[in-house]
Amino acid sequence: MSITLDSTPAADGFRMPGEFEPHQGCWMLWPWRPDNWRDGALPAQRAFAAVAEAISRFEPVTVGASGAQYEFARGALPPAVRVVEMSSDDAWMRDVGPTCVVDRAGGVRGVDWRFNAWGGLRGGLYFPWDQDDLVARKVLEIERLDRYRAPFVNEGGAIHSDGEGTLLVTEQCLLNRNRNPQITGAQIEALLKAYTGATEVVWLGDGVFNDETDGHVDNLACFVAPGEVALLWTDDERDPQHVICLDAWERLHDARDARGRRFKVHRIPMPGPLYMTRAEAAGLQTRAGAKPRHARERLAASYVNFYLANGGVVVPLLDPRTDAAALAKLRRLFPGRKVVGVPAREILLGGGNIHCITQQVPAGARGRGRAGR
């Protein structure tokens with residue numbers, strides 16, 4: 001069973017681990033919304049299945065699918081991937097699933113952030129979002145992991161941890177008034193520390209240009225090891241992304257992590273710029289309460305949005321002009337892991353990518369193996 005706790009992870013000696021630390025397994029959700037995934041979601045479902053298959057080469061994968069989609073998802077996914085029935089409003093497990101924390105004894109617990117579809121009624125992407133807000137609790141019930149229900153709105157993609165007390169976040173997202181208008185930035189930082197065990201929060205400015213999550217950090221920058229950050233980069237000074245990347249570079253250069261180290265920053269080439277085509281936009285259905293998507297809309301494409309698995313790195317393939325360079329760079333950054341590219345434009349069309357649709361459960365003495373079969 002899963003118990004809801006009244007304390008905080010920091011008070012109980014728990015920390016948010018780095019994604020490069022060992023995992024029990026990975027969770028995903030099955031896409032279905034015809035207003036977000038074109039052509040009845042079939043192209044996206046094929047892309048999600050390819051991601052699940054790639055990750056399952058390295059660690060157990062579980063996919064939550066609605067009752068209406070369960071049988072189809074079971075048939076479309078490899079037998080090695082576990083499928084469970086789970087309602088959701090969309091398929092962004094990174095943001096609606098639990099952010100797990102660990103302690104020195106090997107215990108694993110989960111943080112259940114309050115979710116408002118990236119902005120609620122002040123710019124959120126769809127309404128209602130009540131089923132998404134239940135996903136983290138359901139995952140923790142299945143995993144039999146105790147739960148902290150956070151008292152503020154946050155998403156898993158808005159934070160990145162080095163596992164040693166440092167968080168990366170963006171001001172554009174976490175200080176946006178459509179998340180927590182009733183509390184100050186200082187209070188948000190204190191809450192982040194309480195619910196992740198971090199002692200140092202490094203604030204970057206904006207996220208990726210035109211990112212509809214209001215600039216999630218996981219699309220812009222991430223830890224590849226303690227003290228080392230991968231940062232999306234473009235040298236094109238005419239591109240609005242350039243000034244964002246330069247600002248992030250300067251902030252990282254000036255910052256120190258929780259252990260007082262300077263950051264080593266690795267530049268990851270930006271694909272594109274990429275845009276939604278007319279044919280892609282025509283395959284979407286209009287639905288009340290959901291953000292419309294239009295042809296020629298710039299897509300927030302980034303190779304930083306990868307998934308670290310046990311011994312592997314699953315990377316979105318987005319642009320034939322830059323895919324090889326990005327894969328080569330990531331292979332140099334992760335010499336001990338197998339880097340696997342998966343075609344991911346269909347995921348990008350929905351507003352995110354591989355990191356956004358996945359959420360790891362870290363390895364631990366309690367709950368070991370439950371993320372798999």
Side-chain angles (χ1 to χ4, degrees), residues 19-20 22-33 36-100 132 135-136 138-139 142-143 156-157 218 303 305-318 323 327 330 334 337-363 369-373:
E19 295 180 21
F20 37 77
H23 300 171
Q24 294 181 31
C26 173
W27 275 81
M28 299 174 63
L29 288 166
W30 191 246
W32 62 271
R33 290 182 71 102
N36 197 49
W37 307 105
R38 70 188 183 110
D39 300 338
L42 288 172
Q45 289 167 350
R46 288 191 289 268
F48 274 58
V51 170
E53 190 280 328
I55 296 173
S56 72
R57 301 177 205 173
F58 305 101
E59 65 191 43
V61 177
T62 301
V63 176
S66 70
Q69 288 283 332
Y70 177 85
E71 187 173 5
F72 182 77
R74 177 64 281 171
L77 288 160
V81 173
R82 179 174 67 168
V83 182
V84 300
E85 188 173 329
M86 183 176 292
S87 299
S88 65
D89 295 299
D90 206 349
W92 306 106
M93 182 58 91
R94 178 67 49 178
D95 292 345
V96 303
T99 296
C100 287
D132 274 351
V135 167
K138 292 176 181 179
V139 170
I142 292 171
E143 294 293 334
D218 70 345
Y303 295 113
N305 207 297
F306 56 77
Y307 181 81
L308 284 179
N310 292 334
V313 188
V314 181
V315 183
L317 299 179
L318 299 167
D323 285 346
L327 290 173
L330 291 169
F334 297 103
R337 298 174 188 259
K338 184 175 181 180
V339 176
V340 178
V342 178
R345 182 176 175 88
E346 294 297 335
I347 306 171
L348 177 62
L349 291 172
N353 226 289
I354 290 176
H355 191 260
C356 305
I357 66 171
T358 53
Q359 180 61 275
Q360 70 280 349
V361 177
R370 290 196 185 103
R373 294 162 293 286

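These numbers come from the heavy atoms of this one structure, side chains and all, not from hydrogens, waters or symmetry mates.
- Using modelled atom types, one finds no donor on one side chain facing an acceptor on the other under 3.5 Å when comparing Gln45 with Glu346.
- Rounding to the nearest 0.5 Å gives a distance of 7.5 Å between CZ of Arg337 and CG of Asn310.
- Arg74 places a side-chain N or O within 3.5 Å of a backbone atom of Pro78 that can act as its donor or acceptor partner.
- Note that the CG atom of Asp90 and the CH2 atom of Trp32 stand 7.5 Å from one another [nearest 0.5 Å].
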*Between Val63 and Trp30, does a side chain to side chain contact (heavy atoms under 4.5 Å, CB included) hold up when you go through it step by step?*
CA-CA 6 Å; Val63 176; Trp30 191 246; 4.1 Å; yes

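- Identified under the ring pair (Phe, Tyr, Trp, His ring centres under 6.0 Å) test for residues 40-82, with sequence neighbours left out: Trp37-Phe48.
- No close placement of the Tyr303 and His355 rings is indicated, their centers lying 6.0 Å or farther apart.
- For the pair Cys26/Val361, no side-chain contact is recorded, criterion being any heavy-atom separation below 4.5 Å from C-beta on.
- The existence of a salt bridge linking Arg82 and Glu143 is confirmed by a sub-4.0 Å separation between a basic side-chain nitrogen and an acidic carboxylate oxygen.
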*asked:* For a side chain to side chain contact (heavy atoms under 4.5 Å, CB included) check, start with the C-alpha distance between Tyr307 and Ile55, then their side-chain angles and the critical distance, and finish with the verdict.
replied: CA-CA 8 Å; Tyr307 181 81; Ile55 296 173; 3.7 Å; yes

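- A distance-only check finds no donor-acceptor pair linking the side chain of Asp132 to the backbone of Val96 [under 3.5 Å].
- The side-chain heavy atoms of Ile357 and Val51, taken from C-beta on, include a pair separated by under 4.5 Å.
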*Mind running side chain to side chain contact (heavy atoms under 4.5 Å, CB included) on Val340 and Val315 for me, showing each step along the way?*
CA-CA 6 Å; Val340 178; Val315 183; over 6 Å; no

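- Distance OG/Ser88 to CZ/Arg33: 9.5 Å, rounded to 0.5 Å.
- Here the SG atom belonging to Cys100 is positioned 7.5 Å from the CD atom belonging to Gln24, to the nearest 0.5 angstrom.
- If you check the side chains of Gln359 and Trp27, you find no donor sitting under 3.5 Å from an acceptor.
- Under the rule for a salt bridge (Lys or Arg N to Asp or Glu O under 4.0 Å), the partners of Arg57 that lie at least two apart in sequence or sit in another chain are Glu53.
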*Could you go step by step and tell me if Ile347 and Val342 meet the side chain to side chain contact (heavy atoms under 4.5 Å, CB included) rule?*
CA-CA 11 Å; Ile347 306 171; Val342 178; over 6 Å; no

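- To the nearest 0.5 angstrom, Asn353 atom CG is 9.5 Å from Leu317 atom CG.
- Between the side chains of Arg94 and Gln360, at least one donor N or O sits under 3.5 Å from an acceptor N or O.
- Using a 4.5 Å heavy-atom threshold, the side chains of Ser87 and Lys138 count as touching.
- Residues Val81 and Thr62 form no side-chain contact, since every pair of their non-hydrogen atoms from C-beta on lies 4.5 Å or further apart.
- From Thr358, atom OG1 reaches atom CG of Asn305 across 8.0 Å, with rounding to the nearest 0.5 Å.
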